[in-house]
Student: 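Can you read through this structure? Questions will come right after.
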Amino acid sequence: MPELPEVETVRRRLEPVLTGRRFERVEISDPRLVRPHEPDEVAAELQGERVASVERRGKYLILRFETDRVLLIHLRMTGSLRHSSAGLDDDPHRRALVKLDDGSDVAYRDVRRFGTWLLLEPGELDAYLAPRLGEEPLDAPFTAARLGQLLARRRAPVKAALLDQRTLAGMGNIYVDEALWRAKIHPLRPAESLEPNELRRLHRAVRTSLEHGLARQGSTLRDYKLPDGASGSMQHEFKVYGRGGEPCDRCATPIAKIRVAGRGTWFCPTCQPEPQAASSSSSVPSRSSRQSSV
DNA sequence: CTTTTTCCCTGGACGC
DNA sequence: TGCGTCCAGGGAAAAA
């Protein structure tokens with residue numbers, strides 16, 4: 001499923017082929033893609049727009065037009081974009097098709113139809129994204145201290161807090177599990193309970209996990225593909241995700257699977273020790289756990 | 001306010 | 001082989 005490394009990979013590949021190109025013709029074949037708007041109306045609005053830039057924020061792909069309108073694309077679970085100058089094969093899961101002014105095509109495919117296209121007028125983007133998205137985990141403002149602030153006074157499991165896009169924009173089920181394994185933190189630990197040294201480890205681990213994914217063009221489990229149809233290769237390097245029963249790379253303990261925040265969650269029971277059973281004094285662990293300047 | 005649950009979708013895996 | 005059931009999960013919305 002496309003998370004930050006996958007969406008950023010798509011962005012990097014689309015940027016050179018889309019920038020400066022005009023949307024010659026647009027077909028939206030699945031009304032759900034643009035709901036509650038009418039597909040034909042959205043397609044008509046997009047026709048004639050010329051791409052000024054291809055950006056990303058969290059898991060959103062942002063096509064900014066020269067008119068300052070924006071097409072906000074979210075791939076959700078199974079969305080993918082394909083670009084070709086040599087025609088495209090038929091695809092029963094195609095939900096939209098854009099013909100560019102250089103004769104090439106961009107096709108949007110989405111088996112499970114969770115993905116969305118939203119056309120925003122100039123100035124509407126920030127108001128849309130601001131309440132939904134937190135820190136970009138690969139950008140400079142994201143520090144261990146900032147992570148501490150974001151997790152402070154949050155009793156939810158750290159895994160749930162990291163999946164919340166208002167904490168870190170772009171983390172998903174795969175990279176959260178991978179980061180928690182790297183940081184040696186149990187997914188059920190209350191977010192507010194992390195000690196400063198754990199926050200430093202987690203900060204480091206989030207970045208390392210995302211950078212590894214980015215370096216391998218993301219992970220292709222089934223549906224995610226690069227715009228030229230190639231697959232990512234990060235799926236071969238998962239430490240825990242989807243590896244229940246296999247030995248931990250660090251200690252050989254079989255990887256365990258539980259359910260956290262409604263998501264399949266894999267971790268090493270030895271490297272990522274169980275949080276203390278919640279007792280009467282669990283809400284305020286100690287003075288020392290309050291971070292000040294990490 | 002925070003946190004949890006439900007829902008949307010389809011196809012692949014699995015049991016019988 | 002064919003059917004029924006479960007599972008995968010991002011994020012909006014509803015419920016707690």
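The figures here come from the full heavy-atom set of this structure, side chains too, leaving out hydrogens, waters and symmetry mates. Sequence lines set the chain letters: A, B, ... in the order given, protein chains first and strands last, and positions in each chain run from 1.
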Student: Can you give me every donor-acceptor pair (side chain of residues 255-266 of chain A, partner residue at least two apart or in another chain, under 3.5 Å) with its distance?
Tutor:
residue: Arg259(A); atom: NH2; partner: Gly262(A); partner atom: O; Å: 3.0
residue: Thr265(A); atom: OG1; partner: Lys159(A); partner atom: NZ; Å: 3.0
residue: Thr265(A); atom: OG1; partner: Arg263(A); partner atom: O; Å: 3.0

Student: Angle, rounded to 10°, between the helical axes spanning five pairs at each terminus of the helix from dT2(B)-dA16(C) to dC16(B)-dG2(C)?
Tutor: 50°
Student: Distances under 3.5 Å between protein N/O atoms and the N/O atoms of nucleotides 1-5 of chain B, please, pair by pair.
Tutor:
residue: dT3(B); atom: OP1; partner: Arg155(A); partner atom: N; Å: 2.7
residue: dT3(B); atom: OP1; partner: Ala156(A); partner atom: N; Å: 3.2

Student: Using a strict 4.0 Å threshold on nitrogen-to-oxygen distance, state whether Glu136(A) and Arg56(A) make a salt bridge.
Tutor: yes
Student: Does one side chain, of Glu135(A) or Thr167(A), offer a donor that lies under 3.5 Å from an acceptor on the other?
Tutor: no
Student: What pairs of donor and acceptor atoms, side-chain ones from residues 242-254 of chain A against any protein atom, are under 3.5 angstrom apart with sequence neighbours left out?
Tutor:
residue: Arg243(A); atom: NE; partner: Glu246(A); partner atom: OE1; Å: 3.0
residue: Arg243(A); atom: NH1; partner: Phe238(A); partner atom: O; Å: 2.9
residue: Arg243(A); atom: NH1; partner: Lys239(A); partner atom: O; Å: 3.4
residue: Arg243(A); atom: NH2; partner: Glu246(A); partner atom: OE1; Å: 3.3
residue: Asp249(A); atom: OD2; partner: Lys239(A); partner atom: NZ; Å: 3.1
residue: Arg250(A); atom: NH1; partner: Trp181(A); partner atom: O; Å: 3.1
residue: Arg250(A); atom: NH2; partner: Trp181(A); partner atom: O; Å: 2.7
residue: Thr253(A); atom: OG1; partner: Thr270(A); partner atom: OG1; Å: 2.8

Student: Tell me the ring pair (Phe, Tyr, Trp, His ring centres under 6.0 Å) pairs involving residues 12-36 of chain A, sequence neighbours left out?
Tutor: Phe23(A)-Phe65(A)
Student: Detail all sub-3.5 Å separations between protein N/O atoms and N/O atoms belonging to nucleotides 12-14 of chain C.
Tutor:
residue: dA12(C); atom: OP1; partner: Arg132(A); partner atom: NE; Å: 3.1

Student: Among all residues two or more places apart in sequence or in another chain, which pass the side chain to side chain contact (heavy atoms under 4.5 Å, CB included) test with Arg25(A)?
Tutor: Glu27(A), Gln47(A), Lys99(A)
Student: Extract all donor-acceptor atom pairs below 3.5 Å that involve side chains of residues 38-46 of chain A and protein atoms in other chains or at least two apart in sequence.
Tutor:
residue: Glu45(A); atom: OE1; partner: Arg69(A); partner atom: NH1; Å: 3.4
residue: Glu45(A); atom: OE1; partner: Arg69(A); partner atom: NH2; Å: 2.4

Student: Assess, by modelled atom type and distance only, whether the side chains of His83(A) and Ser104(A) contain a donor and an acceptor separated by less than 3.5 Å.
Tutor: yes
Student: Indicate every side-chain donor-acceptor pair of residues 70-78 of chain A with a distance under 3.5 Å to a residue at least two apart or in another chain.
Tutor:
residue: His74(A); atom: ND1; partner: Arg76(A); partner atom: N; Å: 2.9
residue: Thr78(A); atom: OG1; partner: Asp110(A); partner atom: OD1; Å: 2.5
residue: Thr78(A); atom: OG1; partner: Val111(A); partner atom: N; Å: 3.4
residue: Thr78(A); atom: OG1; partner: Arg112(A); partner atom: N; Å: 2.9

Student: Measure the distance from CE on Met171(A) to P on dG10(C) and round it to the nearest whole Å.
Tutor: 11 Å
Student: Could you check how far CZ of Arg32(A) sits from P of dG10(C), rounded to whole Å?
Tutor: 16 Å
Student: Rounded at 0.5 Å granularity, tell me how far CG in Leu151(A) sits from CG in Leu162(A).
Tutor: 6.0 Å
Student: Can you name the residues that form a side chain to side chain contact (heavy atoms under 4.5 Å, CB included) with Arg22(A), not counting sequence neighbours?
Tutor: Glu24(A), Arg50(A), Asp101(A)
Student: Send over the distance from Leu118(A) CG to dG10(C) C1', rounded to a whole Å.
Tutor: 16 Å
Student: Regarding Asp105(A) and Arg82(A), does a basic nitrogen lie under 4.0 Å from an acidic carboxylate oxygen?
Tutor: no
Student: Measure from CG on Asp223(A) to C1' on dC7(C) and round the result to the nearest Å.
Tutor: 14 Å
Student: I'd like to check the side chain to side chain contact (heavy atoms under 4.5 Å, CB included) partners of Ala96(A); sequence neighbours left out, ordered by chain and number.
Tutor: Ile28(A), Leu33(A), Tyr108(A), Trp117(A)
Student: Would you say dG10(C) has OP1 or OP2 under 4.0 Å from some side-chain N or O of Gln165(A)?
Tutor: no
Student: Could you list, one pair per line, each protein nitrogen or oxygen that sits under 3.5 Å from a nitrogen or oxygen of nucleotides 10-14 of chain B, together with the distance?
Tutor:
residue: dT10(B); atom: OP1; partner: Arg113(A); partner atom: NH1; Å: 2.8
residue: dG11(B); atom: OP1; partner: His93(A); partner atom: NE2; Å: 3.3

Student: Respond yes when some side-chain nitrogen or oxygen of Lys257(A) is under 4.0 Å from OP1 or OP2 of dC7(C), and no when none is.
Tutor: no
Student: Would you kindly give the CG-to-P distance between Asp110(A) and dA8(C), to the nearest whole Å?
Tutor: 19 Å
Student: Tell me whether the OP1 or OP2 atom of dG10(C) has a side-chain N or O from His74(A) closer than 4.0 Å.
Tutor: no
Student: Any luck finding a side-chain donor-acceptor pair between Glu6(A) and Tyr175(A) under 3.5 Å?
Tutor: yes
Student: Mind checking if Met77(A) touches a base, just sugar-phosphate, or nothing, with heavy atoms under 4.0 Å?
Tutor: base
